[in-house]
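First up is the structure itself, then whatever we jot down about it.
Reckoned from all heavy atoms, side chains included, excluding hydrogens, waters and symmetry mates. Note that the structure is predicted; figures quoted are calculated from it, not measured.
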Amino acid sequence: MQPYTKLLSHVLNVEFPELADTFAKMAQENGHFAKLMEEYSAIDQQITDDEEDVKILEDDELARLKHQRAAIKDELYQAAKAAHDAA
């Protein structure tokens, strides 16, 4: 039996609570931003499924998805932070 380890959440509103309202507003007003949010969530779910042994991925696929998630997260964060700071 493996010891229980709590997985870190990668939900944007959890990681960046100060930008939660900005993420929601931008997703409603900007189609590209909304599409990136959906893509981020889908990738994050695939990674979570692997980490929770729901659907195991090959190591190279998991690494590719984690890299892709990080790149999308950075783009979303930078856009939301700029919008938040400009408000």
Side-chain angles (χ1 to χ4, degrees):
M1 179 179 222
Q2 293 181 343
Y4 175 75
T5 56
K6 185 171 176 12
L7 299 174
L8 294 176
S9 175
H10 290 278
V11 175
L12 295 172
N13 292 343
V14 173
E15 289 199 69
F16 310 109
E18 71 282 6
L19 297 175
D21 292 339
T22 305
F23 283 128
K25 183 178 180 185
M26 289 183 71
Q28 289 179 345
E29 297 174 354
N30 182 316
H32 175 70
F33 191 88
K35 184 176 178 184
L36 281 177
M37 293 267 306
E38 288 175 15
E39 186 176 354
Y40 178 86
S41 293
I43 291 169
D44 187 52
Q45 186 60 56
Q46 286 180 286
I47 294 168
T48 299
D49 286 349
D50 176 83
E51 291 172 341
E52 294 178 345
D53 295 330
V54 173
K55 184 178 179 189
I56 305 301
L57 301 169
E58 295 293 326
D59 289 346
D60 59 337
E61 176 68 3
L62 182 60
R64 184 188 69 76
L65 287 172
K66 285 184 175 185
H67 179 76
Q68 190 176 2
R69 177 179 67 183
I72 295 170
K73 180 192 296 186
D74 186 54
E75 185 176 346
L76 290 168
Y77 173 80
Q78 294 299 329
K81 181 76 168 126
H84 178 78
D85 291 348

Atom [atom1] in [X], atom [atom2] in [Y]: separation rounded to 0.5 Å?
X	Y	atom1	atom2	answer
Lys25	Asn30	NZ	CG	12.0 Å
Ile47	Gln68	CD1	CD	8.5 Å
Lys66	His10	NZ	NE2	7.0 Å
Ile72	Ile43	CD1	CD1	4.0 Å

Of the non-hydrogen atoms in [X] and [Y], which two are nearest, and what is the gap between them?
X	Y	value
Met26	Ala83	SD-CB, 3.7 Å
Asp44	Val11	OD2-N, 4.4 Å
Ala34	Ala27	CB-O, 3.2 Å

Do [X] and [Y] come within less than 4.5 Å of each other through their side chains, counting heavy atoms only?
X	Y	answer
Lys73	Glu15	yes
Glu75	His32	yes
Leu65	Glu61	yes

Contacts of type salt bridge (Lys or Arg N to Asp or Glu O under 4.0 Å), residue Glu39, not counting sequence neighbours: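 Not a single residue meets the salt bridge (Lys or Arg N to Asp or Glu O under 4.0 Å) criterion with Glu39.
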Under the side-chain hydrogen bond (donor to acceptor under 3.5 Å, both in side chains) test, which residues partner Lys81, sequence neighbours left out?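 For Lys81, the residues satisfying side-chain hydrogen bond (donor to acceptor under 3.5 Å, both in side chains) (neighbours in sequence not counted) are Asp85.
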side-chain hydrogen bond (donor to acceptor under 3.5 Å, both in side chains) partners of Asp49, counting only residues at least two apart: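 Asp49: side-chain hydrogen bond (donor to acceptor under 3.5 Å, both in side chains) contacts with Gln45.
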Within 6.0 angstrom of Glu58 CD, more than 12 heavy atoms from elsewhere: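 At most 12 heavy atoms, drawn from other residues, nucleotides or ligands, come within 6.0 Å of this atom.
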With a sphere of 6.0 Å drawn around CG of Asp21, does it hold more than 12 non-hydrogen atoms of other residues, nucleotides or ligands?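 Open.
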Below 30° counts as parallel, above 60° as perpendicular, anything between as tilted: where do the rings of Phe33 and Phe23 land?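 Because their plane-to-plane angle is under 30°, the rings of Phe33 and Phe23 count as parallel.
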